[in-house]
Protein chains: 2
Amino acid sequence: MDNRELILQSALDLFYARGYDAVGVQEIVDRAGVTKPTLYYYFGSKLGLLQKLLESQCQILNQGVEEAAKKEGNLPEILYGVARFFFDFAASHEKFYLFMLALFYSGRENEAFQTVAPFIESHYNMILGIFEAAAPQLGNMRGRQKLFAVGFTGVLNHHIMMVSYGRKIDEKFEISNETTYEIVHQFLYGIYT
Amino acid sequence: MDNRELILQSALDLFYARGYDAVGVQEIVDRAGVTKPTLYYYFGSKLGLLQKLLESQCQILNQGVEEAAKKEGNLPEILYGVARFFFDFAASHEKFYLFMLALFYSGRENEAFQTVAPFIESHYNMILGIFEAAAPQLGNMRGRQKLFAVGFTGVLNHHIMMVSYGRKIDEKFEISNETTYEIVHQFLYGIYT
DNA sequence: TGTACATTATACCAATCGGTATATAAGAAA
DNA sequence: TTTCTTATATACCGATTGGTATAATGTACA
């Protein structure tokens, strides 16, 4: 790993653990084994570092969601594929995904939120697109697409977060393939089955 | 409002807008029209201020959820009541609820997260209790109580957050009584109805 | 009146914040 | 060899961080 990547990695580690605002640049460069001018050479500012961090990872995420959303199949199949990809991505990029979630929920006037907002928006639009494309299968949606999109991402994100939270409080919240199936099934058909 | 309350209010305003770590005590006391020793007289530290803020509001929240959860009725009725209370509380205490959500999603090693964690935990246990109490109505739960509790709170929280987010991007995400009904209905019976 | 307590301000602390001016080292191109 | 570019470190900047020592209020009670 070159210094640029070392900085990105140590920034992610620290941002994930304590959040963007609670971590200083000095700590980031110390952990990466470099000095501040190196960080400012590559990223220009602390916010620039965050931007590059988001760009590199979000590209993978959004591309994967788009692929899963464009697959052939009916709504249940697509939602299952999207959920599966989500949980896989969250597992293999756990620090990044949870950090991004934290940013999404952070104060609207926070600089870091404003940096992540465009990525989240395109993300949300892709999920919304799934339900709009499925309108023929769902009958009269009466504008419930948004409700579904919000509900679906809300369930997925909360489950992802609870996996990490569960480890902390020593409860088990693993998301196996069967669990993924149950989550999507519950979303589609409710809890009475 | 006395100085103590002025400090709590301006702290909430600022924490909500930019997050706990991004806001300094100087800014809080400036906004409240007092000076730092006054803040330290009442709260001892910045973290102590956060603690008092959480205590005062969480008590109202958790008490309301408990009442809604203990009401007579079948599961759908109880869940609707809980959701209704949640959305009402989030509307009337919007800044606080969204700030608490932000804390919940923030880094696990962040001091502020550790302060909010116990409140969230008792909160989660109350929701979990609803599903465990409803086990007779739901047949064999096969340990899905946790899944339901996480899913239900995930949906509610994400909707609450999207109301505020929607205002920002100029989309409408209002949660009327009918919307609340639809959200709970979708949770119970899925999207095909 | 005197005294004790609760409350608040002035003025300060060391440490850290994000960021940079300057110098230097290494490698490629001339 | 000289020069240019890339990449890095030393040492610093003013501003802000959370927090406090000290003193001055106001008020209540003796």
Side-chain angles (χ1 to χ4, degrees), chain A residues 1-56 99 102-103 106-107 109-117, chain B residues 1-56 99 102-103 106-107 109-117:
Chain A
M1 264 207 288
D2 61 9
N3 283 339
R4 205 189 107 102
E5 282 181 72
L6 281 171
I7 292 169
L8 282 169
Q9 184 59 54
S10 71
L12 179 55
D13 290 345
L14 292 166
F15 290 164
Y16 159 77
R18 303 213 311 281
Y20 176 81
D21 289 304
V23 174
V25 283
Q26 188 65 57
E27 200 178 352
I28 296 171
V29 296
D30 284 350
R31 178 180 248 259
V34 298
T35 55
K36 278 204 275 183
T38 304
L39 186 151
Y40 284 91
Y41 173 76
Y42 286 115
F43 304 104
S45 66
K46 189 188 177 188
L47 215 54
L49 167 61
L50 175 65
Q51 177 88 34
K52 294 294 179 195
L53 192 59
L54 291 172
E55 277 173 12
S56 66
F99 171 52
L103 287 182
S106 72
E109 285 164 44
N110 184 298
E111 281 184 335
F113 170 79
Q114 288 166 16
T115 307
V116 83
Chain B
M1 265 204 288
D2 62 10
N3 283 340
R4 204 189 109 101
E5 282 182 72
L6 281 171
I7 292 169
L8 282 170
Q9 184 58 54
S10 72
L12 178 55
D13 290 346
L14 292 166
F15 289 164
Y16 159 76
R18 301 212 315 280
Y20 176 80
D21 289 303
V23 174
V25 282
Q26 187 65 58
E27 201 178 351
I28 296 171
V29 296
D30 284 351
R31 178 180 249 259
V34 298
T35 55
K36 280 204 274 183
T38 304
L39 187 151
Y40 284 91
Y41 173 76
Y42 286 115
F43 304 104
S45 67
K46 189 187 176 188
L47 215 54
L49 167 60
L50 175 64
Q51 177 86 36
K52 293 294 179 196
L53 192 59
L54 290 173
E55 277 172 12
S56 67
F99 171 53
L103 287 182
S106 71
E109 285 164 43
N110 185 298
E111 281 184 335
F113 170 80
Q114 289 166 15
T115 307
V116 83

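This structure is a prediction, so every number in the text was calculated from the model and none was measured. In what follows, every chain begins at residue 1, and chains take the letters A, B, ... in the order their sequences are listed. The figures here come from the full heavy-atom set of this structure, side chains too, leaving out hydrogens, waters and symmetry mates.
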>> Between Thr115(A) and Leu47(A), is there a side-chain heavy-atom distance shorter than 4.5 Å?
In response: yes

> Do Leu53(A) and Phe15(A) come within less than 4.5 Å of each other through their side chains, counting heavy atoms only?
Replying inline: yes

> Measuring from Thr38(A):OG1 to Phe43(A):CZ, what's the distance to the nearest 0.5 Å?
Replying inline: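 The CZ atom of Phe43(A) is 10.5 Å from OG1 of Thr38(A), to the nearest 0.5 Å.
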
Within this structure, what is the [atom1]-to-[atom2] distance between [X] and [N], rounded to whole angstrom?
{"X": "Phe43(B)", "N": "dG19(D)", "atom1": "CZ", "atom2": "C1'", "answer": "16 Å"}
{"X": "Ile28(B)", "N": "dT17(D)", "atom1": "CD1", "atom2": "C1'", "answer": "12 Å"}
{"X": "Asp30(B)", "N": "dT17(D)", "atom1": "CG", "atom2": "C1'", "answer": "14 Å"}
{"X": "Leu6(A)", "N": "dA9(D)", "atom1": "CG", "atom2": "P", "answer": "11 Å"}
{"X": "Glu5(B)", "N": "dT7(C)", "atom1": "CD", "atom2": "C1'", "answer": "16 Å"}
{"X": "Tyr42(A)", "N": "dG18(C)", "atom1": "OH", "atom2": "P", "answer": "21 Å"}
{"X": "Asp21(A)", "N": "dT16(C)", "atom1": "CG", "atom2": "C1'", "answer": "15 Å"}

> Between the main-chain N or O of Ile28(B) and the side-chain N or O of Ser10(B), is there a donor-acceptor pair closer than 3.5 Å?
Replying inline: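 Yes, Ser10(B) side chain to Ile28(B) backbone: donor-acceptor pair under 3.5 Å.
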
>> Tell me if a side-chain donor or acceptor on Lys46(A) pairs with a main-chain N or O of Val23(A) at a distance below 3.5 Å.
In response: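 Answer holds: yes.
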
> Given dT8(C), is OP1 or OP2 found less than 4.0 Å from the side-chain N or O atoms of Tyr41(B)?
Replying inline: no

> Does the side chain of Tyr40(A) get closer than 4.0 angstrom to OP1 or OP2 of dT20(C) through an N or O atom?
Replying inline: no

>> Using a 4.0 Å cut-off on heavy atoms, which residues in residues 44-56 of chain A reach DNA chain C? List them by number, or say none.
In response: Ser45(A), Lys46(A)

> Counting only heavy atoms not in Gln114(B), do more than 12 sit closer than 6.0 Å to its CD atom?
Replying inline: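 Yes, CD of Gln114(B) has more than 12 neighbouring heavy atoms, counting only those of other groups under 6.0 Å.
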
>> A quick test of your reading: do over 12 heavy atoms of other residues, nucleotides or ligands sit less than 6.0 Å from CD of Gln51(B)?
In response: yes

> How is Val29(B) classified with respect to the nucleic acid when contacts are heavy atoms under 4.0 Å: base, sugar-phosphate, or nothing?
Replying inline: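 Counting heavy atoms under 4.0 Å across all strands, no contact is made by Val29(B).
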
> Can you name the closest pair of heavy atoms from Ser106(B) and Phe113(B) and give their distance?
Replying inline: OG-CB, 3.5 Å

Detail all sub-3.5 Å separations between protein N/O atoms and N/O atoms belonging to nucleotides 9-12 of chain C.
unit_1 : atom_1 : unit_2   : atom_2 : d
dA9(C) : OP2    : Thr35(B) : N      : 3.2
dA9(C) : OP2    : Thr35(B) : OG1    : 2.6
dA9(C) : OP2    : Thr38(B) : OG1    : 3.1

> Passes side-chain contact (heavy atoms from CB on, under 4.5 Å), Tyr42(A) versus Leu8(A)? Steps please.
Replying inline: CA-CA 10 Å; Tyr42(A) 286 115; Leu8(A) 282 169; over 6 Å; no

